[in-house]
Amino acid sequence: MIRARELHPWPSTAAEAVAIQERLRPLVRFDGEPAEVRTAAGLDVAYRDDSGRLVAAVTVVDVATLSVVDSAIVRGETDFPYVPGLFAFREAPSLLRALAELSVVPDVLVCDGQGLAHPRRFGLACHLGVLTDLPSIGVGKTAMGRYEPPGEARGAWSPLRMDDEVVGRALRTQRGVKPVFVSVGHRFTLDGACDLVLRLAPKYRLPETTRTADHLGRTAG
DNA sequence: GCGACAG
DNA sequence: ATCTTGTCGC
């Protein structure tokens, strides 16, 4: 089963959260990408009310067939507010609980948000990757950095930059749609991440991992 | 001081 | 994230 390393307590203030990100940032590894990715997990959180109650949903998708082979949902509560740059402290605790309930250990976590494309290079995908020590990537619907529009063809991409540094890619998964923003989380390469996202998104803008997890969370009580 | 700012 | 009509396209 998936068990998170207890590398830090969950903070209640922004200052503590930033300090944790800076302390964990060096633990991100760039080697150890799986030779073959057979299953990929999609992670998403849906908010029911306005009171912090949430539903964390995880699906495991067979990359070859794009069918869902395992899933888990967990109801939870969040105390941490949404603050750009501190997104993980709002959603990661519930997502880790959901991951612990899976019976299949996926080859990679496909996170709904950024990995290295983050102000301190430690977005949600890096955070979940480091705590679980599983390979992970981030696929965001909007970007934090700067980029030039990629070509129109499916598969076209352009570098995503922050502070003069390439932190990910704007990747066109379908012709005529806005690109998605791919970045490395843990134990993965940017080339491999984009290749995987394209395989997971043969028909729609977002990868099937994100779509199935989103749908599961949204239709759960 | 002003704008920007994952979900 | 979430609140929402009509509309375009497969």
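Protein chains get the first letters and strands the later ones, always in sequence-line order, with residue 1 at the start of each.
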Treat a base pair as Watson-Crick or G-U wobble with both distances under 3.5 Å, then lay out DNA chain B in dot-bracket form, 5' to 3', with | for cross-strand pairs.
-> .......

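Side-chain contact, A/His118 with A/His127: no donor N or O sits under 3.5 Å from an acceptor N or O.
Using a cutoff of 4.0 Å between basic side-chain nitrogens and carboxylate oxygens, A/Asp163 and A/Arg121 are scored as salt-bridged. A salt bridge links A/Arg169 with A/Asp191: at least one charged nitrogen is closer than 4.0 Å to a carboxylate oxygen.
Projected onto DNA chain C by closest heavy-atom contact, A/Lys203 and A/Asp214 fall at different nucleotides, the more 5' of which corresponds to A/Asp214.
The aromatic rings of A/Phe89 and A/Phe80 are tilted relative to each other, their planes meeting at an angle between 30° and 60°.
The aromatic ring of A/Tyr82 sits over the base of B/dG7, with ring centres less than 5.5 Å apart and planes tilted by under 30°.
The distance between atom CG of A/Leu43 and atom C1' of B/dA6, rounded to the nearest whole Å, is 15 Å. Note: CD (A/Gln174) to P (C/dC8) measures 21 Å, nearest angstrom. Here the C1' atom of nucleotide B/dC5 and the CD atom of A/Gln114 are 11 Å apart, to the nearest Å. Remark: P of C/dA1 and CZ of A/Phe89 are 20 Å apart, rounded to the nearest angstrom. Taking atom CZ of residue A/Arg218 and atom P of nucleotide B/dG7, one finds them 13 Å apart after rounding to whole Å. Spacing between atom CG of A/Leu128 and atom P of B/dG7 amounts to 15 Å, rounded to whole angstrom units. Distance, A/His118 NE2 to B/dG7 P: 12 Å, rounded to whole Å. One atom, CZ of A/Arg120, and another, C1' of B/dA6, lie 12 Å apart when rounded to the nearest Å.
Proximity note for A/Asp44 (side chain, C-beta onward) versus B/dA6, B/dG7, C/dT2: the nearest is B/dG7.
Each of A/Arg53, A/Arg218, A/Arg90 was checked for a side chain to side chain donor-acceptor pair (under 3.5 Å) with A/Tyr47, and the lone residue meeting it is A/Arg90.
Contacts of A/Gly140 with the nucleic acid, taken as non-hydrogen atoms under 4.0 Å apart, involve only primed sugar atoms and P, OP1 or OP2.
Judged purely by atom type and a 3.5 angstrom limit, A/Arg172 uses its side chain to pair as donor or acceptor with the backbone of A/Gly151.
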Apply side chain to side chain donor-acceptor pair (under 3.5 Å) to A/Ser158 and A/Glu148, showing your working.
-> CA-CA 6 Å; A/Ser158 59; A/Glu148 296 298 318; over 6 Å; no

